[in-house]
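Following: one structure in structure tokens, then a few remarks.
Fair warning: this is a prediction, and the values are worked out from it, not measured in the lab.
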Amino acid sequence: MSISKYYANHSLIGQITTFLPNRLLYTLFFVFIFQCMCAQNATDIIMLSSGWQMREVSTEKWMQAVVPGCVHSDLLRNNVIPDPYYRTNEKNLQWIDKKDWEYKTSFTISDKYYKKEHIELIFKGLDTFSDVYLNNQKVLSTDNMFREWVLDSKTFLHVGENSLRIHFRSPITIGLELLKQNGFKLFSPNDQSENGGLTKEQLVSPFIRKAPYHFGWDWGPRFVTSGIWRPAFIRAWTGFKIMDFFVQQQSLTDNLAVLNGQIEIQSTKSQKGDVEISINEKETIKKSVFLKIGINQIQIPFEIKKPKRWWTNGLGKPTLYSIKATVSANQMIERQGTEIGLRTLRLVQKPDKAGHSFYFELNGIPVFAKGENHIPNEMFLDRATHEVYDWEIDTAVKSNLNMLRVWGGGIYEDDYFYQLCDRNGILVWQDFMFACAMYPGNDKFLNSVTQEADYQVKRLRNHPSIALWCGNNEIDVAWQNFNQGKGDWGWKKAYNEQQRTQVWSAYDTIFNKILFKAVNALSPQTPYWQSSPSSIIPKTHSTDTNPNGDAHYWGVWGNKHPFEKYADNIGRFMSEYGFQSFPELETVKKYALPSDYDIESEVMRHHQRSSIGNANIKEYMDMYYRKPINFEKFLYVGQVLQAYGIKFAIESHRRAMPYNMGSLVWQINDCWPVASWSSSDYFHRWKALQYEIKRSFEPIIISVFSKSDSTSISIVSDKLTRISAQLEISTCDFSGKVLQTQFLPVIVNPNGVTSVSTQQTSKLTNNPNGTYLSLSLRVKDQIVTKKTYFFTQPKNLTLTKPNIITKIEKKNLSWVVSLKTDYLAKDLYLNFPGVEGSFSDNYFDLIPGKERIITFIPKDKKMLPSSIELISLVDSY
Ligand code: BMA
């Protein structure tokens, strides 16, 4: 078999290559070579990424396997199972999680390698219950997908070929044993046990430290995976090894950043050594140290003069510094590097008249969090490649986001995800992986959670993007709601007194003690928030309007409140709200046949996991739009509907600044092709909503809000300076004829809202169904933002078919589309059938008379412009 062998320093340079300029890289390389000539690497790594085979335990046939990976992906690659996402295939694949699976490989250890003092076997992630065998000897048992496993393994190894075998035990079999031991069930309403061939009562997910969404969710299938899901390797070292490198910021001013490099070193002997910290490969700080046997905590204070700060997307550059620690002792050397961002970040919770504020203050500036919730990008996590994360963060940046919430029902994300957030100025609200369930409180479970929390907080603490650690998603509120009698989740009711005490005590231990302690001890400058949403709700308020902490508002959707209710249900930080849509036809084609093209067909229902999903979409569509003529138009109107509702929410949230300081849409992505709340679908096609989010989160927006006969116009600005501008407000008919115009001088408030005017709607139009407001904000003859506002719901508009003239030209790598219409084209959708790519804007209102230029970047750069498909609202009924 072949093994791939990397030196630790090589892999470090490999990581750095992606962001350092070439000249620096060469310097780095020569420094590295030079140092190698003088000293030996303390650490030597053999990646265990090749030669893997897998089989079902107790069967004969071994199949080729890919590591990192999972059983489902390997079975698919070996043609044992069909595409799990196609039609209803998921149903027939539930047998996989009831079986045990085995993985094996072998690797060679040279004489020289074996001479190293320590040889460790390291797994960055094993999913989940496994027994690990080295040369047929059981060396490790695992039970937590979210932990790293490090095993001193020299005694089990020898020079020459060694075998490694991992026996994954069925998570369902073990889960059922754990449930039995608990004596009663733990609530977990998203666990689709019945789809997995179990009973309603057989909810095993809370007992297993494994991604909750693998057991099903209201946007996801049930695939309970097993496998070596993150890298595995052997690490040999002599003398010492760096265990951790943490750069803590002590203070930050415009002149000086005072930092402390904390290097955790394990040493096998008492020895003198040198520790060096370098900043951007330029400045270095050296310190002589004495290493004792065992764990050494070395502190190296250092400074950066005239520091450049890390800013979020929209506010400034997310400057990063590359900091590297080099430890040398007794002719041995080891390095570890990290990227840091210099910023002050506070969660401000000041008491005020209403309750308590809840906002993030970055470098002294209160930041309105413009964001979305993130779920895992895949059911089978090996498929979430760097390209997928590149796409997601690129989407976030282009959509004017400055925050993503890594939601607690998924996974602690890949290092690369956080690197991208660091490099692009995206803050991360990081949940611990607990969601919508109660959890056990036995010692083994609590110990496992403690290990997991310590590992994850340490792993992520250097990332400037991490803004907050949150204990869980919606558990506290689900439990507490029992007392309020409203929105009761029914959990407490189902337990007797003694069970309640037991269940709550486990909650209290995990979320108020273990997780709090981990954050407080290991990343003390990062705030810890016990649960999202906050349950500190005064009796006079509901969860939806909680004047303290963060809020999830699901009255729109869950309680079928009209979209207009978004304006009345605003908390201090809206961390969740959303509305569903189906993906576009091209995506539906990937999982359904034309004979399935009806949202009530078996296949389409299978790809809709919310029990109220289809009925809700139809009901809201009836409220706001006319009935679409066919399936394809239903998909289109569904997307436009979703965008219409969420646009109203975002604007309401932004207008409520500074009372409300956050708006995180549920949810940015999908983990398979499905009807869901996502703004972009599984194949990375932006839905109408993604374009709307981009527009609604622009740094400056004009927001128009009408109630009864009153129309008020405000401007929301994230800019930090006051702007002197002029607002032009015109009432136009659908042929573009201007019926009346006003010009208003405006001084736009920095980082806040400016009310410009409130007028009688009837004075602005006497034909609300046939007119719109066209608004533009000008600063010295430059239009900084524009808005088209309709006085009535889309279904009331008296639209006629527009005649749109298009011109398409290829310019360098993009296609330039110019569009001109004689008549309003409402929610115009552009598509190049069969050509994948991205539009600069889509699903927009094309205003008559004015030419609009849109660029399209095809994925395949060699493609030549083809004919364009245009759909606007009038085509849908
Ligand atoms: C929120 C989330 C998820 C869920 C979504 C849609 O409450 O926390 O649990 O998928 O609603 O129902």
Side-chain angles (χ1 to χ4, degrees), residues 6-36 41 43 242-250 252 256-265 274-287 298-313 316-328 333-345 363 386 389-390 393 414-428 458-466 523 525:
Y6 299 113
Y7 290 104
N9 293 339
H10 278 150
S11 59
L12 181 72
I13 288 181
Q15 280 169 29
I16 293 173
T17 45
T18 42
F19 59 90
L20 289 183
N22 273 345
R23 206 148 34 103
L24 204 49
L25 264 178
Y26 287 124
T27 321
L28 241 181
F29 182 71
F30 287 117
V31 169
F32 167 71
I33 294 290
F34 176 73
Q35 276 169 340
C36 288
N41 291 301
T43 303
I242 300 178
M243 297 177 73
D244 186 62
F245 178 36
F246 176 36
V247 180
Q248 200 177 21
Q249 181 184 294
Q250 311 285 17
L252 179 66
L256 196 66
V258 179
L259 302 144
N260 188 29
Q262 298 181 29
I263 306 145
E264 194 175 314
I265 302 169
D274 290 306
V275 181
E276 188 179 294
I277 285 195
S278 70
I279 308 160
N280 285 344
E281 298 295 330
K282 287 186 208 133
E283 284 171 67
T284 52
I285 299 97
K286 276 195 186 149
K287 187 175 172 177
I298 308 290
Q299 316 278 340
I300 304 213
F302 65 103
E303 294 177 349
I304 297 177
K305 293 200 181 77
K306 291 267 171 229
K308 292 207 173 85
R309 294 191 186 228
W310 185 89
W311 288 100
T312 44
N313 181 31
K317 263 182 138 185
T319 307
L320 295 175
Y321 287 84
S322 159
I323 311 290
K324 210 156 82 176
T326 307
V327 181
S328 48
I333 188 162
E334 199 193 347
R335 292 187 192 84
Q336 213 173 94
T338 187
E339 281 179 325
I340 60 155
L342 303 172
R343 89 286 193 273
T344 58
L345 188 67
N363 298 322
H386 281 198
Y389 290 111
D390 286 337
I393 303 305
D414 198 275
D415 290 338
Y416 188 61
F417 171 88
Y418 301 99
Q419 281 168 14
L420 289 177
C421 290
D422 293 346
R423 292 171 197 171
N424 289 283
I426 302 292
L427 290 169
V428 175
K458 256 181 149 177
R459 177 172 77 98
L460 300 180
R461 61 185 170 173
N462 280 332
H463 291 282
S465 53
I466 300 278
S523 189
Q525 285 156 349

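Applying the side-chain hydrogen bond (donor to acceptor under 3.5 Å, both in side chains) test to Q525 and every residue at least two apart in sequence or in another chain returns nothing. The side-chain hydrogen bond (donor to acceptor under 3.5 Å, both in side chains) check on K306 picks up N255, with sequence neighbours excluded. For T284, the side chain to side chain contact (heavy atoms under 4.5 Å, CB included) test picks out E276, S278, with sequence neighbours left out. For D415, the side chain to side chain contact (heavy atoms under 4.5 Å, CB included) partners two or more places apart in sequence, or in a different chain, are Q419, R459. Under the side-chain hydrogen bond (donor to acceptor under 3.5 Å, both in side chains) criterion, R461 pairs with D244, sequence neighbours left out. Residues meeting the side-chain hydrogen bond (donor to acceptor under 3.5 Å, both in side chains) test with S465, sequence neighbours left out: D422.
Across all their heavy atoms, E283 and E303 have their closest contact at OE1-O, 4.4 Å. Contact record, G261 with I277: CA-CD1, 3.9 Å, taken as the closest heavy-atom pair. When every heavy atom of P307 is checked against every heavy atom of L256, the shortest pair comes out as CD-N, 3.5 Å. The minimum heavy-atom distance between L320 and N280, with the atom names listed, is O-OD1, 4.5 Å. For the pair I285 and P301, the tightest heavy-atom approach, listed with the atom from each and the gap, is CG2-O, 4.2 Å. Looking at every heavy atom in both residues, L252 comes nearest to T344 through CD2-N, 3.9 Å.
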**Message:** N260 vs Q299, test: side chain to side chain donor-acceptor pair (under 3.5 Å). Steps then yes/no.
**Reply:** CA-CA 6 Å; N260 188 29; Q299 316 278 340; 2.7 Å; yes
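For K458 and E264, the salt-bridge test passes: some basic side-chain N is under 4.0 Å from an acidic carboxylate O.
Annotation: the span from E339 atom CD to Y321 atom OH amounts to 13.0 Å, rounded to 0.5 Å. Between the OH atom in Y418 and the NE2 atom in H463 there is a gap of 8.0 Å [rounded to 0.5 Å]. Note that CG of N41 is 7.5 Å distant from CD1 of I333, once rounded to the nearest 0.5 Å. Remark: Y389 OH to L420 CG distance equals 10.0 Å, nearest 0.5 Å. From I263, atom CD1 reaches atom NZ of K287 across 8.5 Å, with rounding to the nearest 0.5 Å. The distance from the NZ atom of K324 to the OG1 atom of T338 is 12.5 Å, given to the nearest 0.5 Å.
Taking the side chain as every heavy atom from C-beta outward, N313 and N424 never approach each other to under 4.5 Å. Looking at I393 and F417, their side chains come closer than 4.5 Å, going by heavy atoms from C-beta outward. Contact of the T319 side chain with the L342 side chain is not registered, since no non-hydrogen atoms from C-beta on lie closer than 4.5 Å. By the 4.5 Å heavy-atom criterion applied to side chains, Y416 and H386 are counted as neighbours. Counting only heavy atoms from C-beta outward, the side chains of Q248 and Q262 approach each other to under 4.5 Å. Counting heavy atoms from C-beta outward, W310 and I340 have side chains that stay 4.5 Å or more apart.
Using modelled atom types and a 3.5 Å distance limit, the side chains of N363 and R343 yield no donor-acceptor pair.
None of V247, L259, N462 except one satisfies the side chain to side chain contact (heavy atoms under 4.5 Å, CB included) rule with I323; the exception is V247.
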